[in-house]
Structure formats: C-alpha cells, structure tokens
Amino acid sequence: MTALIQARGLRKFFGTTDALRGIDLDIQRGEVVAVMGPSGSGKSSLLHCLAGVLLPDSGTVSVGGTVITALSEARRSALRLKEFGFVFQFGQLLPDLTAVDNVTIPLLLGGMKRRQALTAARGWLDRLGLEVAADQLPGELSGGEAQRVAIARALVTQPSVLFADEPTGSLDSLAAENVLTAMLELVRKAGTTLVMITHDPRTAAYADREIIVRDGQLAATDRVGVK
Amino acid sequence: MCIVAVVDNSLTLLGLLSVEPSYGYDLKHTYDRFFGVRKPLAFGQVYASLARMTRDGQILSLADEAGGGPDRKKYEVTEVGRTRVSQWMFTPDIPSETLQSNLFAKTIIALLVDDNADRLLDVQRTEHLARMRELTREKQGADLMRVLLCDHALFHIEADLRWIDLTGARLTQLRNEIKLP
C-alpha cells in the first residue's frame, strides 16, 4: 500500500543549525501518528515540512502522490486550505468572531457561500458537543471548549490530513482527555490521517504509533536482542 | 545512586564483566557501588552466579593464581556472554507500575560498555507507549471504575517515561560520572 505521506531525505537548516538531518518517513492514510522528542529536536520543523508550511533544503515530501515540495507557494497554500487542517496548542481563534464564525473561516476562504458555511460550521460544533457555545466569543469559552472550536475549524473542510501541534498542551488532564477523545472519534470516523506533535505520553497513547525525533533524525526503536 | 528494587543480578554481573575481566571479589564491590548501596550482594550470590555463567559458557576463568579459590580467579566474558548482555540490554522490560530498576541497571551497563544507551531508552520508551496505548484503548467505553484503574496504571507508566526522558537528556553527564576507576 502506498503511504499517503512520504518524506524522503528531508534536511532543513536554520542558519548553521541542522534542524532535520535526513528524515525518511511514511504515514498511511487514516493513520494516527504521534511525533515525540525533546525540545529543539526538530519535531515542529518536521511537521511544518510535511504540511508544506516550510520547504526543506533538500529532500521531498509527497502527499497523495503530489510532490508538495515541488509546488509553488501559491499552490502549496491552496493545497493546505483544501487538504490539510491545523490545530495548535493555543487554539488561535480570532477573538472578535464567535465560535461559529471562527469555524466558517476556512470554508469562506475556499469560496463557500456564508449561509452554507454557517450550516456546516454548526454541524461540526454540534458533533463536538458545542451547540450552546456556537454564538459565544472565544474569550467566553473554557480552554477545552476553545480547543474543540479550533478542532471544528480544522475539520470543517474535511481535510485528508490533520496536523496538530500540542493540541492539548494548554489543558488540564480531564479537559485534555475530553478534547482528545472527541478529536479522535471524528478523525477515525472520517478516516482522516492525524499527525500530532506531543510531549505528553498520555496523548501519544491515543495514536496508532509514535515516532521519536532526536537531533533532527528519527530514533531507531527496533529491538536488537529480539530480532 | 541508590536504587533498591529487583535487578537481574546475574545479567548485571555479566554486564559488568563485559566492561573488563574481574575477580569475583572486585566484581561484587563494583556491583555494590552502582546497584547495592542499600542492599549489597552476598559473596555467595556472586560466586553462584559466576559458576552458572561459566557452566553456560558466558564467561571463562583466566589462569588460576596461587591458592586457586574462587576469589583468586579472574573471569572474562565470552562472545556468548556478550551476546547475552546485548540481548538483555535491548530487550525492553514489561512496563510495570514500579520503578524500572532493571532499566537503570541496563542503562549503567550500556554506558560502561560504551554501547548505545540512547537506543536502549528509546526501545523501552516504545514498549511503555505500547502499554499505554493498550490501557487507553481499554478505557474506551469502560465503566468509570475501570477507567480510574487504567488511569492509575497510565500515570505510573508515565512517571517511568519521565525518568527515561530525563535520563536520556543526562546520559553524557552520567557517562562521565560512572567511569570505573
């Protein structure tokens, strides 16, 4: 089976810092992968290269057969809008827009009519248990609610890949668990591929597997003694 | 360093012997320095282990010195013994809810024999995360009592993982501190 995401020989420098040092990685369609590793190990650089936010200095990334590292910025941007969703540690909702308006943003950017976008957005908020919060401003929401709005905004375009960077990093244990459970349920149901950076093993435990980045390389975790 | 719990004594002794050949007497003291601060190993245990390892071809005794008693023999690890140590080091322990003292021993030995301690910790981390995945799956749809029991196990395993992460970050310092005299 051909992997949905294929990275080959990824290298990325920031000045003289070798952030990625030759990463090869395959991620299957529908797979949930946790990306772990110490601070400064290259996790975020890897995620940004896989998502076409950063261009590697060498190596390729292909998603669904499209070599995204060969695309222009404009085409990568269009691809990100259509095919990828993003969730960050702090939801990064627009503070002056209600929850439902925040969720409509990617749809409106994609050219959908406002009324249709509002209907779709409310549907996703419902699925995340946020019916009541739909018309509230981000400042009126709890951390867990705000993060679920961010997840709704990331999933509303029904992306093939969801990229998440410490999606529960700002939440307490119970809120984190509720947010993760809700996100994973939707992701698994839709067959969305999830690539999630986390330093938290309990979050990583929701994934199908983890990859560990250390010093810009993937750590080998095969067992020498039990081959 | 003060770790008091179940360590696989024989394999730890074999690991120490793969650093350098040693007399039983010195081996016991090296063991106690790292792993037996509060519960030193009895000489009888050391010699019983040495006899067993000799029988299994994992070590051999170098030429007897005057007297010829067990404490007058110098023991050296064989290739069979080295392979056994390597298998032990890189075979992860089953994650439990208690401190992985065996993992501590493996880490020290890996550093002493200049093997890949980072990798050893990565292998164990993977095993721990696999167990956490099982427990997380078990929580799905379970009643609250079961969920709380799984949470208890998850937090304990997570504590081990924190130790693994911190130890991984301190390996260079640890390598310098534990050099044998």
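Lettering follows sequence order; numbering is per chain, from 1. All heavy atoms count here, side chains included; hydrogens, waters and symmetry mates do not.
- Between the OH atom of Tyr206(A) and the NZ atom of Lys139(B) there is a distance of 4.5 Å, given to the nearest 0.5 Å.
- Taking 4.5 Å as the heavy-atom cut-off, the residues of residues 173-199 of chain A that approach chain B are Ser173(A), Glu177(A), Thr181(A), ordered by number.
- The contact between Pro201(A) and chain B is made by backbone and side chain atoms together, counting heavy-atom distances below 4.5 Å.
- Residue Arg8(A) qualifies as enclosed at atom CZ: its count of foreign heavy atoms under 6.0 Å is above 12.
- For Ala207(A), the part lying near chain B is the backbone, with the side chain staying farther off; criterion is any non-hydrogen pair under 4.5 Å.
- Asp122(B) CG to Met36(A) CE: the interatomic distance, rounded to the nearest 0.5 Å, is 11.0 Å.
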**Stepwise side-chain contact (heavy atoms from CB on, under 4.5 Å) check, Arg209(A) with Leu129(B)** = CA-CA 8 Å; Arg209(A) 67 180 165 114; Leu129(B) 284 167; over 6 Å; no
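- Scanning both residues, Arg125(B) and Ile212(A), for their nearest heavy atoms gives CD-CD1, 3.5 Å.
- Contact tally against chain A (heavy-atom pairs below 4.5 Å) for Asp165(B), Asp118(B), Leu161(B): the top residue is Asp118(B).
- Neither the backbone nor the side chain of Asn116(B) has a heavy atom closer than 4.5 Å to any heavy atom of chain A.
- What you find for Asp208(A) and Arg133(B) is that their closest heavy atoms are O-NE, 3.4 Å.
- When heavy atoms are compared at a cutoff of 4.5 Å, Gln140(B) approaches chain A solely by way of its side chain, counted from C-beta outward.
- Contacts of Asp200(A) with chain B are made by side-chain atoms alone, with heavy-atom separations under 4.5 Å and no backbone atom involved.
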